[in-house]
Amino acid sequence: MIEKEVVVIGGGPSGLSAAVEAAKRGAEVLLVDENLRAGGQLFKQIHKFFGSSAHKAGVRGIDIATELLEQARECGVEVWLNSVVVGLFNERKVAIKRTLTDNSEKLEIVQAKKIVIATGASENAVRFRGWTLPGVMGAGAAKTMTNVNRVLPGKRILMIGSGNVGLIVSYQLMQAGAKVVGVIEAAPQIGGYGVHAAKIRRAGVPIYTSHTIREAIGSKSVEKAVICEVNDKWQPITGTEKILEVDTITIAAGLKPLIELAMMYNCKCSFIPQLGGWIPLHDENMESTISGIYLVGDATGVEEANTALEEGRLAGIAIAEALEYISLENARKLKKEIWQRLNELRMGPFGEARMLAKNNILTGCKKQ
Amino acid sequence: MRVDNHVILGKDERKEIVEIQVDGKTIHAKKGEMIIAALMANGIRINRYTVKKKEPRGIFCGIGQCTDCVMVVNGKPNVRTCITPVEDRMIIKTQYGVERSNG
Amino acid sequence: MVLREIGYLTKKELVDSNCYPSEERFNKGLVVIIECTEEIPCNPCEAACKFKAIKIGKPITNVPILDEDLCIGCGVCIAKCPGLAIFVIDKTYSDNEGLISFPYEYLPLPLIGSIVKAVNREGKVVSSGKVIKVLNNKSLDRTPVVTIAVPKEKLDEVRGIEKLESKDSK
């Protein structure tokens, strides 16, 4: 059995940050990611981030990704790519289906002292007649195709959902050369930031609030979409149907945390809709209800990349402290600064629900 | 349709081409790109047909979670084309329902 | 706020949110308009301005306030804003025309000297415009800034151009 001090599961912004903060203080860190390249969603974020200019605001996600990967390399983080964590077992044993350099696969069991679950979140589906047709896909799939694979998933696109993901991905699809025929939103108001909406409105994209999709039509793939208005009880209003000529329908209806590993290890979870669904609880060190298991990023509440980066740093420092690579004094100071930044990022009308939810998580998290 | 030039990503510098076969037809792909990207760039949107109703399916999640994009690759079924890179002379077939491995 | 329903700001909302420089300031030359009215934790514009004309302070959710007397309209903040919400207007360009500079992250970029269709915040064409300047240097980090000349009376409305047809290379 292999022994590693710290195993980080997931190499997105939160996992990479946790790995870097622990490794640069001397901890032995193994990072496992199921993809061919670490970075998580960051390599698809081609837009400039919001937040504090002192902490990477104004920098594109793709550039933050490159920087983090370089830092991980410099700090000596060991990385297993194309490798999947298939289970967590008693006393922090991590079962990993590892792909070796010759492309053969091997099941490894790694004994860890500390584990960071940074598995992120997955997109919600919206079901409607015809939703299984080729051409209906998650907004994440569409942005992966344009921003990573450099291929258009379609030419005329209907976006479902006007949260930040729906608005930003609509913009990115236009940057790649597609026409976004419209954005529909079931609520009476636009979900994302006004400035994101303004960018796409300026490009002539209509945003239909209080609208839903009734059907996708096509013989072998999407050819048309039927949308209609909804009333104040979210029910479709007959007679308000509009037909849009589209070949692609992208769904941006929220994300839910990927918590299978946390549940497998009996970490306590609560149902918190404001954060995306079932959320594994954590304390102010990002430690779960089970000692030695840490949770960071979207896996413990769907927020943004900049909060994921901070939560990852927090866990990395808390782990370095627990393993005695950093003094209590230093750790306290660093953690306090991170909490100040996290609180700042959760302020304002867009963050308050998350701020409240995260505070409830902290109070609800008691060690088992 | 490929995005050859992009205001933020810049020009596509990948020059190496490989040849793959899709349902008997030869198409060109960029070396190392995901199978789904090569298919999409060549206008192919259907990856498989379902077991009972024989309905077409194509990419949905794009990150290897949903299996809507699986095809038979070099004789092996259920290969997720969104996360599997192309290889020279790869043989790809539309998957019909559940198929058995044949090589 | 109407912004939440229609996805763009009306001039009234901008004026009510103190985003609009005074007519007096407009008549002195280049000046910035920051069309950002919501409390989002974000402050790269404040950090970008070396004349300290943009104030956010703490907490960083404060809506940016422009000091129109300190602002010289240099436009460095245009490409720094992650929301692409900052514009520079020059109402003194000529007797009939004014200039508007805006962030434009699409290809192809317009050619200097070409005539383009200028759009308002709703994406509707409200005027034609002539491309005066196109900046795309490294300091902009891939947010090109385009400057067009339009009839002066259109300056309150025009906030961009209609997307150009794709051509190979650029």
Side-chain angles (χ1 to χ4, degrees), chain A residues 46-60 62-63 162 164 167-168 171-172 174-177 179 183 185 187-210 304 306-307 340-352, chain C residues 1-9 13 17 34-48 56 58-63 77 79-87 102-108 117 119-125 140-143 158-163 165-166:
Chain A
I46 60 174
H47 57 285
K48 292 176 177 172
F49 281 0
F50 290 65
S52 163
S53 61
H55 298 282
K56 295 292 174 219
V59 181
R60 299 187 190 276
I62 42 177
D63 298 327
S162 73
N164 279 334
L167 298 174
I168 295 175
Y171 179 64
Q172 291 171 356
M174 287 193 286
Q175 288 181 307
K179 182 174 169 69
V183 175
E185 167 59 60
Q189 298 202 314
I190 292 168
Y193 295 164
V195 289
H196 285 320
K199 265 183 349 210
I200 68 169
R201 292 296 272 126
R202 211 183 302 153
V205 178
I207 302 179
Y208 301 98
T209 50
S210 294
E304 298 176 320
N306 43 27
T307 45
Q340 274 170 351
R341 296 199 297 263
L342 275 171
N343 287 331
E344 201 170 50
L345 290 171
R346 290 172 180 147
M347 285 184 74
F350 291 93
E352 0 179 83
Chain C
M1 221 187 210
V2 178
L3 172 68
R4 296 266 103 229
E5 283 151 36
I6 60 176
Y8 60 90
L9 289 157
E13 277 177 289
S17 306
I34 305 172
E35 300 199 349
C36 173
T37 56
E38 295 182 321
E39 288 179 347
I40 298 167
C42 185
N43 67 5
C45 56
E46 181 184 50
I56 292 179
K58 292 258 180 217
I60 62 172
T61 42
N62 288 336
V63 172
C77 49
K80 292 290 188 189
C81 170
L84 303 190
I86 301 183
F87 308 88
F102 52 91
Y104 188 75
E105 286 183 335
Y106 297 105
L107 291 182
K117 294 186 187 149
V119 299
N120 64 5
R121 295 183 189 84
E122 209 186 336
K124 285 199 168 53
V125 178
L140 302 180
D141 190 13
R142 294 159 287 181
T143 302
V158 168
R159 288 294 176 266
I161 59 175
E162 202 176 64
K163 205 155 169 276
E165 283 308 302
S166 240

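Within every chain, numbering begins at 1; the chains are lettered A, B, ... in the order of the sequence lines, protein sequences first and strands thereafter.
Between chain C and the residues Gly204(A), Ala57(A), Gly194(A), Ala197(A), the largest count of heavy-atom pairs under 4.5 Å involves Gly194(A). The candidate from Asn120(C), Asn43(C), Thr143(C) with the greatest count of non-hydrogen atom pairs under 4.5 Å with chain A is Asn43(C). For the options Leu84(C), Ile56(C), Asn62(C), heavy-atom pairs under 4.5 Å to chain A are most numerous at Leu84(C).
Rounding to the nearest 0.5 Å places CE of Met174(A) at 7.5 Å from NZ of Lys163(C). To the nearest 0.5 angstrom, Glu344(A) atom CD is 5.5 Å from Ser52(A) atom OG. Once rounded to the nearest 0.5 Å, the distance linking NE2 of His196(A) with CD1 of Ile190(A) reads 12.5 Å.
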Residues Asn306(A), Lys56(A); criterion side chain to side chain contact (heavy atoms under 4.5 Å, CB included); working and verdict
CA-CA 8 Å; Asn306(A) 43 27; Lys56(A) 295 292 174 219; over 6 Å; no
Report the C-alpha separation of Glu38(C) and Phe350(A) in whole Å, then their side-chain angles, then the decisive distance to 0.1 Å, and conclude whether the side chain to side chain contact (heavy atoms under 4.5 Å, CB included) test is met.
CA-CA 9 Å; Glu38(C) 295 182 321; Phe350(A) 291 93; 3.5 Å; yes
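Neither the backbone nor the side chain of Glu162(C) comes within less than 4.5 Å of any heavy atom of chain A. Both the backbone and the side chain of Pro349(A) have a heavy atom closer than 4.5 Å to some heavy atom of chain C. For a residue to count as touching a neighbouring chain, one of its non-hydrogen atoms must lie under 4.5 Å from one of that chain's; by this rule Phe49(A) touches chain C with the backbone only. Heavy atoms of Arg159(C) lying under 4.5 Å from chain A belong to its backbone as well as its side chain. Heavy-atom distances place the side chain of Lys58(C), and not its backbone, under 4.5 Å from chain A. In this structure, the portions of Ile60(C) lying under 4.5 Å from any heavy atom of chain A include both its backbone and its side chain.
The residues Arg201(A) and Glu35(C) are annotated as not salt-bridged, no charged nitrogen and carboxylate oxygen being separated by less than 4.0 angstrom.
The main-chain N or O of His47(A) is never found under 3.5 Å from a side-chain atom of Arg60(A) such that the two would form a donor-acceptor pair.
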